[in-house]
Peer 1: 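This is the structure I have questions about; it appears just below.
First the proteins, then the strands, lettered A, B, ... as listed; each starts at 1.
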2 protein chains.
Amino acid sequence: MQDSHTSETTQKSIEETIVSGILSAKIRPGTRLGENQLAALFGVSRTRVREAMMRLETRGIVHVSPRRGWFVVEPSAEDAIAVYEARRVVEAGLLRGMRVLTDEGSKALDAHLADERNAMAAGDRQRLTYLMGDFHIRIAELSGNAIIVDILRDLTARTILISMLYQSESHAAQSHEGHCRIFEAMRAGDFVRAAALSVEHLDEVEMGLDLTARPDPLSDLRNSLSLPPKTALSAFQQSDPKTTTSKEQ
Amino acid sequence: MQDSHTSETTQKSIEETIVSGILSAKIRPGTRLGENQLAALFGVSRTRVREAMMRLETRGIVHVSPRRGWFVVEPSAEDAIAVYEARRVVEAGLLRGMRVLTDEGSKALDAHLADERNAMAAGDRQRLTYLMGDFHIRIAELSGNAIIVDILRDLTARTILISMLYQSESHAAQSHEGHCRIFEAMRAGDFVRAAALSVEHLDEVEMGLDLTARPDPLSDLRNSLSLPPKTALSAFQQSDPKTTTSKEQ
DNA sequence: TGTGACTATCTTGCATACAAGACAGAAAGC
DNA sequence: GCTTTCTGTCTTGTATGCAAGATAGTCACA
């Protein structure tokens, strides 16, 4: 029962662990999140697990199938379009409203882009996935507005799930260049252009998806059949570089 | 006291009841939301109430003071600034990205503005508050993007809480005119101008606040002292047919 | 009179028990 | 052989019980 060798994990950590697992593409869409298994993993009772699941559900990251279980969302094609649209709205609105790029901000983005290059060179796909999403969160952080950061973080998590479902090949290099162009415009103080570039960038990524590829082939059926939950959970319990495929965006 | 003739209320309704109570200014910031009281009101156990509270917490509408209770948030001056900024970002981004205003959209907004005028004429302040916030949600609904609608609904709820804290007098007429101008620009197909007007409008409203007025004078103390929870709860227990209908589509 | 400590009560935090439903696999009937 | 039904197991849904902390009121005492 309570062989909780694991944690001491405090309150938020179930939620945060799952989100960051998604952000780094260690947890795939459709992954089953059993209450009992999570409870055992984190050394708490189901109550706390359920609380975390409910929070994640309101953040659009998890959904529940009644009496069947909790699953990481598998966004439909329509969902995917809506998520990208929401990101365009928020990110363009953010950049366009930006007035200055501070020195620290510039340094932070510069360092981030260097990280992207390093991860590309090293072929570290999980880290690359994480960084490609994180770039946009970093920009939000420049605004100092925690509300926008939260919104974009959740949208980014969904974006990554989408790319795992619909993106066949990685376009990391292309994305990186998009990021560089946005940064250039920001550094030049041309935030209107940065906003336009951001929209373009998101369009590019969205266009790189094959939204017809997967009309969601009876996912309910898949969920109940294919998943060995042990595997799914261990995927983010300890990171396994090989088995988890990563897509950028 | 425990006249739980109320409910049959299904799952979501605790959450929705509270949110719509805020949207129509029937629940004030700082209102205590006792788990036991809500459980009695809705005829369920504390478990379900807690779930609703957790969800509302992640939506930024409620917060918990450990072992003291749940309270409707009382946004600080900094929070207020952040909320308005987030709204400018989202709403401007939304309008600027909009391409067409459909006939139904035009009709819906037109009808809404008529509602605003009627409420002003009737002096129905609660309904007016609701409508003033709902205008922006209606615009989001035009986009057909549920994600953006949800984001703006929660931001609007917080906006209303902010106005209850920091806005001494109503500027309904001014707001209404702002809405009309935005609608005009939209109808003319000039969404860039609509976006600019929207930013202006939000600036105006924000400027109408007295953010120094209330440096949050020991809210913890206030919470525990002043509230007769009975009153606060009954404020949204009895539903007022006119003001609560307010459909979601 | 004023101040400090103590206790009674009320609150949430968390775990657990049990109910209800869904699913998988075996058994039975055709 | 194929289909149908039944049953055992596993899952979440919900309520409840108890612990821990916070608050308010009271009482003792200087």
Peer 1: To the nearest 0.5 Å, what is the distance between CZ (B:R59) and CG (B:D150)?
Peer 2: 7.0 Å

Peer 1: Could you state the CD1-P distance from B:I14 to D:dG13, rounded to the nearest angstrom?
Peer 2: 15 Å

Peer 1: Roughly, in whole Å, what's the span from CH2 in B:W70 to P in C:dT11?
Peer 2: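 Rounding to the nearest Å, CH2 of B:W70 and P of C:dT11 are 15 Å apart.
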
Peer 1: In whole Å, I'd like the distance from the CD atom of B:E35 to the P atom of D:dA15.
Peer 2: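 Taking CD of B:E35 and P of D:dA15, I get 13 Å after rounding.
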
Peer 1: Between A:R50 and C:dG13, does any side-chain N or O lie under 4.0 Å from OP1 or OP2?
Peer 2: no

Peer 1: Among C:dG13, C:dT11, D:dA15, which nucleotide sits nearest the side chain of B:N36?
Peer 2: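 Looking only at heavy atoms from C-beta outward on B:N36, the closest nucleotide is C:dT11.
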
Peer 1: Would a distance-only check, ignoring hydrogens and angles, find a side-chain to backbone donor-acceptor pair under 3.5 Å from B:T156 to B:L152?
Peer 2: yes

Peer 1: To the nearest 0.5 angstrom, please state how far the CD atom of B:E74 sits from the OH atom of B:Y166.
Peer 2: 8.0 Å

Peer 1: Let's test your reading of the model: under 3.5 Å, does the base of D:dA20 pair with the side chain of B:R67 as donor and acceptor?
Peer 2: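 In this structure, the two groups form a donor-acceptor pair.
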
Peer 1: When rounded to the nearest 0.5 angstrom, what is the spacing between CG in B:L211 and CD1 in B:I81?
Peer 2: 5.5 Å

Peer 1: Please report the distance, rounded to the nearest Å, between CZ in A:F71 and P in C:dA22.
Peer 2: 13 Å

Peer 1: Starting at CG of B:L33 and ending at P of C:dT11, how long is that distance when rounded to a whole Å?
Peer 2: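 Result: 13 Å.
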
Peer 1: Taking the nucleotide of DNA chain C with the nearest heavy atom to each, does A:S45 or A:P66 sit closer to the 5' end?
Peer 2: A:S45

Peer 1: Tell me which nucleotide among C:dG13, D:dT23, D:dT14 gets nearest to the side chain of A:R46.
Peer 2: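 Shortest atom-to-atom distance from the side chain points to D:dT14.
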
Peer 1: Without decimals, in angstroms, what is the distance between B:E57 CD and C:dG13 C1'?
Peer 2: 13 Å

Peer 1: Report the nucleotide, chosen from C:dT12, C:dA22, D:dA15, that has the shortest atom-to-atom distance to any side-chain atom of B:R48.
Peer 2: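 In terms of side-chain proximity for B:R48, the closest of C:dT12, C:dA22, D:dA15 is D:dA15.
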
Peer 1: Is a donor on one side and an acceptor on the other found under 3.5 Å between the side chain of B:D124 and the backbone of B:A119?
Peer 2: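 The answer is no, because no donor-acceptor pair under 3.5 Å joins these two groups.
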
Peer 1: Expressed as a whole number of angstroms, how long is the span from B:E51:CD to C:dT12:C1'?
Peer 2: 15 Å

Peer 1: Between D:dA22, D:dT16, C:dT12, which nucleotide gets closest to the side-chain atoms of B:R68?
Peer 2: D:dA22

